[in-house]
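To start, the structure itself, in structure tokens.
Values below: every heavy atom of this structure, side chains too, minus hydrogens, waters and symmetry copies. Note that ligands are numbered from 1 as they come in the structure, with each ligand's atoms numbered from 1 the same way.
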Amino acid sequence: MGGMTATTGRTSPAPARRVLLAAPRGYCAGVDRAVIAVEKALEQYGAPVYVRKEIVHNKYVVQTLEKKGAIFVDETAEVPEGSIVIFSAHGVAPVVHEEARERKLATIDATCPLVTKVHKEAVRFAKDDYDILLIGHEGHEEVIGTSGEAPEHITLVDGPGDVADVKVRDESKVVWLSQTTLSVDETMETVDALKQRFPLLVSPPSDDICYATQNRQTAVKKMGAEADLVIVVGSKNSSNSVRLVEVALGAGARDAHLVDFAEEIDEAWLEGVSTVGVTSGASVPDVLVQGVLEWLDQRGYQDVELVTAAEESITFSLPKELRRDLRAEAKAAAEG
Ligand code: 10D
Ligand code: SF4
């Protein structure tokens with residue numbers, strides 16, 4: 001690297017090495033709330049506390065909560081009767097609430113309020129007898145949960161390739177909704193294709209792709225063109241994190257990779273790389289990004305520049321079941 005040039009033998013300066021660090025990145029308000037909900041539930045009720053599915057799609061978060069006494073299960077049927085179960089931030093279908101009631105489970109619903117908003121839209125349009133075209137990734141928990149609100153009214157559209165096959169009952173009563181963590185640009189392509197087929201297609205009352213997904217994509221776009229390599233910290237099953245890799249490449253980054261931990265970075269990726277972009281998905285604690293920055297620092301990438309796309313200040317209050325119990329305990333303690 002750097003040093004001598006072959007033709008003149010002159011010493012040339014090593015190429016500048018720098019890091020562009022995206023802001024915002026990492027935890028969104030819905031993830032922060034869901035992770036704190038599990039931690040508070042463990043404090044309040046004691047271990048074990050059951051969590052249906054990964055509370056958020058991040059390996060490190062899940063491992064850390066497991067160490068504190070959380071037990072992650074795939075279905076409520078695996079939770080012993082009478083126990084406490086927390087529903088993940090991605091949301092659940094109404095049938096899952098019913099199953100939990102039947103098994104006499106105490107539930108804490110950590111569904112992000114912005115996912116709940118999409119559920120409510122689905123319920124409302126189904127009530128008005130619309131066909132709902134839900135843009136999202138097949139098999140993703142959020143899509144399963146939202147579809148479960150009105151299965152007979154919802155058709156999944158997994159990208160522009162699905163549009164030609166979509167069937168509706170009445171072309172004048174069709175609305176599109178979406179998963180919260182999609183690529184903004186790809187979703188617009190899908191919507192454009194749907195509008196070609198169904199000119200009267202109604203749009204959601206407000207953006208379904210949430211502020212956090214949008215801001216993280218805007219930031220990575222801003223750095224993409226300048227970056228030789230973009231490292232996205234996030235887990236493979238994290239939709240919004242995977243999207244950041246695609247958006248980085250789409251914005252002109254020469255190379256982009258998703259890693260859970262700094263140790264997964266391949267030294268070979270740095271070959272000829274002067275500018276490294278770093279960001280992380282909405283389910284990623286910043287300690288993992290700090291690990292990546294340290295790893296890069298040890299290899300000469302010490303100059304870190306922030307690339308800011310937006311300021312975020314949104315927060316959500318804890319799930320209501322938990323707030324109720326925390327309040328009751330505080331009251332009991334005050335009364336002595
Ligand atoms: O896969 P994903 O992007 O939907 O989920 P992740 O847990 O990585 O990030 C938080 C997003 C949620 C809970 C969906 F709104
Ligand atoms: Fe909520 Fe958006 Fe975070 Fe999902 S990514 S948990 S919708 S704020």
Side-chain angles (χ1 to χ4, degrees), residues 22 24-38 51-65 70 72 86-93 108-122 134-149 156 158 177-184 186-187 204 206-220 232-247 258-260 279-286 288-289 309-319:
R25 63 178 180 280
Y27 269 23
C28 60
V31 165
D32 194 43
R33 167 185 190 259
V35 174
I36 294 175
V38 179
V51 184
R52 184 185 177 278
K53 310 282 183 193
E54 294 188 350
I55 186 74
V56 297
H57 291 152
N58 185 265
K59 234 187 222 179
Y60 175 89
V61 169
V62 169
Q63 286 168 357
T64 307
L65 292 173
F72 291 89
I86 303 179
F87 295 142
S88 83
H90 313 92
V92 294
I108 295 173
D109 189 356
T111 304
C112 174
L114 299 181
V115 173
T116 302
K117 185 199 82 168
V118 183
H119 281 226
K120 286 185 175 154
E121 288 168 357
L134 178 65
I135 304 174
H137 296 300
E138 190 162 13
H140 190 283
E141 274 141 38
E142 183 185 327
V143 157
I144 295 170
T146 308
S147 301
E149 292 286 357
L156 182 68
D158 192 346
L177 301 178
S178 89
Q179 190 179 333
T180 57
T181 52
L182 301 181
S183 147
V184 174
E186 195 192 295
T187 304
S206 60
D207 287 356
D208 285 347
I209 299 180
C210 76
Y211 79 96
T213 300
Q214 295 194 29
N215 289 343
R216 280 150 193 70
Q217 288 176 17
T218 308
V220 92
V232 179
V233 187
S235 291
K236 308 274 178 287
N237 60 342
S238 166
S239 166
N240 79 88
S241 305
V242 174
R243 302 291 83 79
L244 290 175
V245 174
E246 296 167 359
V247 170
L258 184 70
V259 296
D260 260 299
T279 187
S280 56
S283 47
V284 181
D286 214 51
L288 301 178
V289 173
E311 305 287 341
E312 290 180 349
S313 55
I314 180 165
T315 57
F316 295 127
S317 54
L318 286 172

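- Listed by atom number, the atoms of ligand 2 under 4.0 Å from T180 heavy atoms are 4 (Fe), 7 (S).
- In terms of protein heavy atoms, atom 7 (O) of ligand 1 is closest to H57 N, 2.6 Å.
- Here the protein heavy atom with the shortest distance to atom 9 (O) of ligand 1 is N240 ND2, 3.0 Å.
- Within the structure, ligand 1 has H140 among the residues with a heavy atom less than 4.0 angstrom away.
- When only non-hydrogen protein atoms are considered, atom 5 (S) of ligand 2 lies nearest to C210 SG, 3.5 Å.
- At the top of the distance list for atom 5 (O) of ligand 1, counting protein heavy atoms only, stands H90 NE2, 3.1 Å.
- The protein non-hydrogen atom at the shortest distance from atom 10 (C) of ligand 1 is V31 CG2, 3.5 Å.
- Ligand 1 has no N or O atom lying under 3.5 Å from any N or O atom of E142, backbone or side chain.
- Remark: minimum distance from atom 11 (C) of ligand 1 to any protein heavy atom is reached at T181 CG2, 3.9 Å.
- Close approach to C28 involves these atoms of ligand 2, each under 4.0 Å from a residue heavy atom: 3 (Fe), 5 (S), 6 (S), 8 (S).
- In summary, the side chains of S183 and E246 do not present any donor paired with an acceptor at a separation below 3.5 Å, with no hydrogens or angles considered.
- Shortest contact from atom 15 (F) of ligand 1 to any protein heavy atom: T180 OG1, 3.0 Å.
- Ligand 1 is never approached by L114 to a heavy-atom distance shorter than 4.0 Å.
- Counting only heavy atoms from C-beta outward, the side chains of R52 and I86 never approach each other to under 4.5 Å.
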